[in-house]
Asks: 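Handing you a structure now.
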Amino acid sequence: MTGRFLSLKDKEYKDFASRLNQVNEKLNAFNFIDENEKNGKIISVKDNICVKGMPATASSKILQGYVPGFNATAIERLENAGFSVIGKTNMDEFGFGSFGLNSEHPAKNPFNEEYVTGGSSSGSAVSTALIKEHVSVAESTGGSISAPASFCGIVGLTPTYGVISRYGLIDYASSLDKIGFMGKSADNIREVMEKTVGNDPKDTTSLSATISNKKPNKLYVIDNLMAGVNDGIKDRFEGLLTKLSEKDYKIEHIKIDYLEYSVPAYYILSMSEASTNLAKYQGFKYGFKVKDFSLNYNEFFMSARKQFGKEAKRRVILGTFIRSKSIKQKYYEKALAIRHAIIARMNKILKEGFIIMPSMPIFTPKISEVKDISPVEAYSMDMLTVPPNLCGFPHMSFPYFYEKGMPLGAQIITDHFNDYSLLDFLSEWESNFKYKFKEEIS
Ligand code: GLN
């Protein structure tokens, strides 16, 4: 399947880049826009994925000045297939966030600037909404593709864990991190995905599986998860189920035990992994360098780690605590057990059908409504996006409704390695649904 992408030569590209720069001043979709000529189908890349010769900061001050001299495997494969990267997209620092606000200059929602974009792949969602025929290569650990896709009215596909190499991805939590895609058409996402999947000797967790597209005709709704969803969202989601049941899908309501523990289990595991992954930022090697060698040991590392934002500091401290020997059985090992229990239960269900749910439990909030909520309240917003991520199941958020001009997304989940069934579902959906995009740059 081939998609349609913008392909701009020489002067055309320069004009495009200057229009993009103008819009970017308002919306902060990009941390970096490449002004050099491009020859190829253009894509953008989240700022935690390495593109040779372009800055990679993961929106962190500690990585300021880091310019990798190599491509992530996914990018290398895309460049070899004729794609060109136009820039690096804004995000929550290191992927820590659900609203896009954990960045020094948060991206703004293209539908209405007072609203959040969702996170952590905030800029990838905004650039996808803004640019004609665009795909952005993004990343999800616990929902960073679905959440912003939902709030920005585009499609976000998170593949099965391991089918796309993580080589060149700046780690957040290695057992959960997945490179994925944001786009506006099934054909475009499929083309980019087909070019990136497959085993990579540089990432020992990457797999060379055959990806199928088995279509189930059952859609499961998980009632114990829906209990935490805002009533208005429940109502719009019912409308979606009615539409889908008219299209030969059989809807079944079920309960899956332990799902209510998925958010705490996810945060325990992801913070533990993040705290070790962030240990490499010491002020020597990447980005920010401490130059004063007269400092003592503590002062030296403190002056480097001071560069971390508030949420990154919180996760390093909590993650380090959770991993400590005396308490690891109390939290870490329990969280692992929960993860396995949920995988086993969801696995069974997904052999029989798709699981469907809203992508987020709330309507897109205004920036002012969430900027001061507590971390625990913010984490609880991931209740729907965390379960498939915790289990490595492929899932996709797609827009299905507009509420007072703002988009709403729903998420479908399928079995491991059945990723292409999600894109087939999307192709069907596209023939019934009219997307609205605020502004398209071409
Ligand atoms: N909101 C989640 C978190 O903060 C997910 C982030 C992600 O998927 N990178 O951990």
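Just so you know, these numbers use all the heavy atoms, side chains as well, and skip hydrogens, waters and symmetry mates. We count ligands from 1, going down the list as the structure has it; atoms in each ligand are counted the same way.
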Asks: Between Ser144 and ligand 1, which part of the residue brings a heavy atom under 4.0 Å of the ligand: side chain, backbone, both or neither?
Replies: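 The answer is both, backbone and side chain.
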Asks: With a 4.0 Å cut-off on heavy atoms, is Ser140 touching ligand 1?
Replies: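 Yes, Ser140 has a heavy atom closer than 4.0 Å to ligand 1.
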Asks: Answer yes or no: are there more than 12 heavy-atom neighbours, outside His105 itself, under 6.0 Å from its atom NE2?
Replies: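 It does not: His105 NE2 has 12 such atoms or fewer within range.
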Asks: Salt-bridge test for Asp415 and Lys214: reply yes if a basic N is under 4.0 Å from a carboxylate O, no otherwise.
Replies: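 Here Asp415 does not pair with Lys214 in a salt bridge, since their nearest N and O are not under 4.0 Å apart.
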Asks: Check the orientation of Tyr172 and Tyr266. Use parallel for under 30°, tilted for 30 to 60°, and perpendicular for over 60°.
Replies: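 Plane angle over 60°, so perpendicular.
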Asks: Taking the cut-offs as 6.0 angstrom to the six-membered ring centre and 45 degrees off its axis, would you call Lys184 and Tyr435 a cation-pi pair?
Replies: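 So Lys184 doesn't make the cation-pi contact.
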Asks: Side chain, backbone, both or neither: which part of Met381 has a heavy atom under 4.0 Å from ligand 1?
Replies: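 Neither part.
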Asks: Check whether any N or O atom of Ser98, backbone or side chain, sits under 3.5 Å from an N or O atom of ligand 1, and answer yes or no.
Replies: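 By distance alone, the answer is yes.
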Asks: Counting heavy atoms only, name the option from Tyr266, Phe96, Tyr172 that's nearest to atom 5 (C) of ligand 1.
Replies: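 Among Tyr266, Phe96, Tyr172, the closest heavy atom to atom 5 (C) of ligand 1 belongs to Tyr266.
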Asks: Under 4.0 Å from any heavy atom of Gly95, which atoms of ligand 1 are there?
Replies: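 Per the distance check, 4 (O), 6 (C), 7 (C), 9 (N).
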Asks: Should we say atom OH of Tyr66 is surrounded by more than 12 heavy atoms from elsewhere, each under 6.0 Å from it?
Replies: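 Atom OH in Tyr66 is crowded, with more than 12 foreign heavy atoms closer than 6.0 Å.
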Asks: What are the atoms of ligand 1, with element, lying closer than 4.0 Å to any heavy atom of Gly97?
Replies: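 Contacts of ligand 1 toward Gly97, numbered from 1: 1 (N), 2 (C), 3 (C), 4 (O), 6 (C).
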Asks: What protein heavy atom sits nearest atom 3 (C) of ligand 1, and how far off is it?
Replies: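 Nearest neighbour among protein heavy atoms for atom 3 (C) of ligand 1, to 0.1 Å: Tyr267 OH, 3.3 Å.
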Asks: Check each of Asn389, Asp382, Val263, Ile145 against atom 2 (C) of ligand 1 and report the one with the nearest heavy atom.
Replies: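 Looking at heavy atoms only, Asp382 sits closest to atom 2 (C) of ligand 1.
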Asks: Using a strict cut-off of less than 4.0 Å between a Lys/Arg side-chain nitrogen and an Asp/Glu carboxylate oxygen, indicate whether Lys46 and Asp92 qualify as a salt bridge.
Replies: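 No, no charged N to carboxylate O under 4.0 Å.
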Asks: Under a 4.0 Å threshold between the charged nitrogen and the carboxylate oxygen, would Arg315 count as salt-bridged to Glu311?
Replies: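 Looking at Glu311 and Arg315, the cut-off is met.
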Asks: Are there more than 12 heavy atoms of other residues, nucleotides or ligands under 6.0 Å from atom NZ of Lys234?
Replies: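 Yes.
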Asks: If you measure from each heavy atom of Arg315 to ligand 1, is any distance below 4.0 Å?
Replies: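 Arg315: in contact with ligand 1 (<4.0 Å).
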Asks: Counting each atom of ligand 1 from 1 as listed, which ones have a heavy atom of Glu139 under 4.0 Å away?
Replies: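 Listed by number with element: 9 (N).
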